[in-house]
Q: 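Pasting in a structure now, in structure tokens, and then I'll have a few things to ask.
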Number of protein chains: 2
Amino acid sequence: MALEFAILGFLSREAMTGYDLKTRCFDDAAGHLWTADQAQIYRTLEKLSTRGLVRSRLVPQRGRPDRRLYSITERGRTALSAWLREPEPPSQVRDPFLLHLFLSPDLPDDEITSLLSGAREEYQRRLEHLRGPAREELDKWARQTGRIRDAELRRMTLSAGAAAARSAIDWVDDCIDRVRSGLPAPDPGGVSRVPTRG
Amino acid sequence: MALEFAILGFLSREAMTGYDLKTRCFDDAAGHLWTADQAQIYRTLEKLSTRGLVRSRLVPQRGRPDRRLYSITERGRTALSAWLREPEPPSQVRDPFLLHLFLSPDLPDDEITSLLSGAREEYQRRLEHLRGPAREELDKWARQTGRIRDAELRRMTLSAGAAAARSAIDWVDDCIDRVRSGLPAPDPGGVSRVPTRG
DNA sequence: AACGAGTATAGGACAAGTCCTATAAAAAAC
DNA sequence: GTTTTTTATAGGACTTGTCCTATACTCGTT
């Protein structure tokens with residue numbers, strides 16, 4: 001569902017190939033909020049094409065495979081517009097890291113701490129990427145294309161990611177403190193009869 | 001992957017039926033960080049059973065279907081323990097709401113605002129649930145089971161959700177301000193030639 | 001000269017997740 | 001007194017997403 005409209009959204013600005021969508025759109029512009037597998041992009045383009053929401057023409061090339069250039073149709077614009085007007089409630093949380101932590105009471109304190117520190121590093125990396133390279137690339141794109149309203153909304157999504165990362169870092173720090181200041185002893189009946197590491 | 005270990009984790013505390021896992025574990029205890037479809041739980045239990053990580057026995061009942069009570073095996077405990085020791089980096093973000101916002105520059109300001117307010121309400125609901133009912137249920141569970149270390153880690157995951165929701169609310173408020181204080185005019189070449197609503 | 005990276009598309013296999021349906025009886029709600 | 005909910009399991013169909021492979025030529029690097 002979402003991928004279809006993401007593709008329609010990108011094509012509403014510019015005709016593109018599957019490859020462009022993958023590299024410029026999903027990897028670069030929107031990578032911080034939605035990733036897409038290459039194979040899935042091509043298959044979705046095909047599906048959109050049979051439904052008449054996009055259309056494609058072959059652009060011959062020498063020395064490399066012909067480009068299949070996709071553009072949005074009027075029906076595609078209508079479908080996109082209708083979808084955009086539907087409210088989109090924040091999606092359910094489904095977080096493998098939190099699940100891992102949730103299931104970890106049988107690990108010793110130091111392993112829980114290292115679990116948390118690892119996450120902290122990742123959140124930190126993410127935050128720096130969003131505030132640095134990602135932000136600069138977006139500003140550059142805005143200058144080049146002049147799409148300042150597009151850019152403003154994109155900036156909002158960057159700041160959402162940054163806010164989430166910042167708050168996650170604070171949360172991790174708080175958790176590490178709580179572990180250091182003494183977690184309750186292991187509950188009975190856990191998984192820990194399995195021999196410990198080493 | 002994750003679901004398998006979530007199930008093993010729950011069964012490491014107590015033998016349960018698929019129904020118990022669905023209602024008590026995934027809906028109630030872990031619903032804020034991982035949901036699971038009923039059909040998927042039963043199928044995963046079957047898979048775990050053929051791999052020898054869980055085992056089941058039928059507990060006959062009168063008047064209602066027999067319960068198939070699953071318990072974790074030693075091999076299951078070993079597998080769980082090994083998985084818990086593997087680091088789990090925070091997962092990639094994939095956020096349909098942010099995608100929607102990202103794709104919305106052709107909507108008029110007031111529709112973007114209502115998009116944001118809708119999200120704010122949902123985050124608010126989530127925050128109140130985590131601080132209120134979810135927290136109370138967890139404390140009750142902790143008192144009843146005496147699993148105070150388990151409970152402490154579970155509390156951490158609740159506070160992660162609460163922190164995320166709080167920061168999302170702040171972010172939304174900031175976005176609404178930015179829209180009110182004047183977003184740049186629509187960029188040319190958008191989707192908006194489609195007749196507006198009404 | 002060989003090797004990897006970039007440009008470009010596409011199929012196969014599979015895992016994960018969602019939705020719907022069927023069955024069945026007790027208990028609670030209306 | 002009828003309807004809905006709760007308890008309990010399980011299959012079918014489907015969508016979404018991931019990973020791997022194949023093809024094919026160019027350009028830059030070692």
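Heavy atoms only: backbone and side chains are in, while hydrogens, waters and symmetry mates are out. Letters go in sequence order (proteins before strands), and every chain restarts at 1.
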Q: Examine the side chains of A:Ser49 and A:Arg55 and answer whether a donor and an acceptor come within less than 3.5 Å of each other.
A: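 No - no donor-acceptor pair under 3.5 Å links their side chains.
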
Q: Measure from the side-chain heavy atoms of B:Gln40 and tell me the nearest of C:dA16, C:dT9, C:dA8.
A: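 Nearest to the side-chain atoms of B:Gln40, counting from C-beta on, is C:dA16.
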
Q: Could you tell me how far apart A:Asp27 (CG) and C:dA8 (C1') are, to the nearest whole angstrom?
A: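 Rounding to the nearest Å, CG of A:Asp27 and C1' of C:dA8 are 14 Å apart.
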
Q: Could you tell me the separation between the CG atom of A:Asp20 and the C1' atom of C:dA8, rounded to a whole number of Å?
A: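 It works out to 10 Å between those atoms.
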
Q: Checking side-chain hydrogen bond (donor to acceptor under 3.5 Å, both in side chains) against B:Asp106, which of A:Arg77, A:Arg149, A:Arg13 comes through?
A: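 Of all the options given, the one that passes is A:Arg13.
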
Q: To the closest 0.5 Å, what do you measure between CD1 (B:Ile72) and CG (B:Leu8)?
A: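 Answer for the CD1-CG pair, B:Ile72 versus B:Leu8, is 4.5 Å.
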
Q: Hey, which sits more toward the 5' end of DNA chain D by its nearest nucleotide, B:Tyr70 or B:Gln92?
A: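 Taking each residue's closest nucleotide, the earlier one in sequence belongs to B:Tyr70.
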
Q: Could you go through A:Lys140 and A:Glu137, starting from their C-alpha distance and side-chain angles, then the distance that decides it, and tell me whether this counts as salt bridge (Lys or Arg N to Asp or Glu O under 4.0 Å)?
A: CA-CA 5 Å; A:Lys140 194 177 124 196; A:Glu137 232 184 280; over 6 Å; no

Q: Relative to the 5' end of DNA chain D, which residue comes earlier, B:Arg94 or B:Thr17, by the nucleotide with the nearest heavy atom?
A: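 Closer to the 5' end of DNA chain D: B:Thr17.
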
Q: What orientation do B:Phe102 and A:Phe10 show, parallel under 30°, tilted 30 to 60°, or perpendicular over 60°?
A: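 Rings of B:Phe102 and A:Phe10: perpendicular, over 60°.
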
Q: Nearest whole Å is fine: how far is C:dT7 C1' from A:Arg67 CZ?
A: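 Distance check: A:Arg67 CZ to C:dT7 C1' gives 9 Å.
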
Q: Can you tell me the distance, in whole Å, between the CG atom of A:Asp28 and the C1' atom of C:dT7?
A: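 My rounded result for the distance is 15 Å.
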
Q: Can you check the A:Lys22 NZ to D:dC19 P distance for me, whole Å?
A: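 Rounded to the whole Å, the gap is 10 Å.
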
Q: Would you tell me if any nitrogen or oxygen in the side chain of A:Gln61 comes within less than 4.0 Å of OP1 or OP2 on C:dA8?
A: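 So the side-chain polar atoms of A:Gln61 do come within 4.0 Å of the phosphate oxygens OP1 or OP2 of C:dA8, strictly under.
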
Q: Is A:Arg68 near enough to C:dT9 that one of its side-chain N or O atoms lies under 4.0 angstrom from OP1 or OP2?
A: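 Answer no for this pair, as no side-chain N or O of A:Arg68 is under 4.0 Å from OP1 or OP2.
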
Q: Hey, can you pull the residues of residues 31-39 of chain B with a non-hydrogen atom under 4.0 angstrom from DNA chain D?
A: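 Listed by number, they are B:Gln38, B:Ala39.
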
Q: Any base atoms under 4.0 Å from B:Arg43, or only sugar-phosphate, or nothing? Heavy atoms, all strands.
A: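 Answer is base: heavy atoms of B:Arg43 come under 4.0 Å of a base.
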
Q: Counting the atoms with a prime plus P, OP1 and OP2 as sugar-phosphate, which does B:Lys47 contact under 4.0 Å by heavy atoms, base, sugar-phosphate, or nothing?
A: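 Touches sugar-phosphate only.
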
Q: Between B:Ser56 and B:Arg68, is a side chain to side chain donor-acceptor pair (under 3.5 Å) present by the stated rule, with each step listed?
A: CA-CA 6 Å; B:Ser56 74; B:Arg68 183 171 291 278; 3.1 Å; yes

Q: Going by heavy atoms in the side chains, are A:Ser167 and B:Arg166 under 4.5 Å from each other?
A: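 Side chain of A:Ser167 against side chain of B:Arg166, heavy atoms only: no contact under 4.5 Å found.
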
Q: Within this structure, what is the CG-to-C1' distance between B:Leu45 and D:dA10, rounded to whole angstrom?
A: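 After rounding, the reported distance stands at 12 Å.
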
Q: To the nearest Å, give me how far apart CG (A:Asp66) and P (D:dT23) are.
A: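 The distance from CG of A:Asp66 to P of D:dT23 comes to 18 Å, rounded to the nearest Å.
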
Q: Report the distance from atom CE of B:Met16 to atom P of D:dA8, rounded to the nearest whole Å.
A: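 Rounded to whole Å, this separation is 13 Å.
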
Q: Considering only D:dT16, D:dG11, D:dA10, which nucleotide approaches the side chain of B:Tyr42 most closely?
A: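 Nucleotide nearest to B:Tyr42's side chain: D:dA10.
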
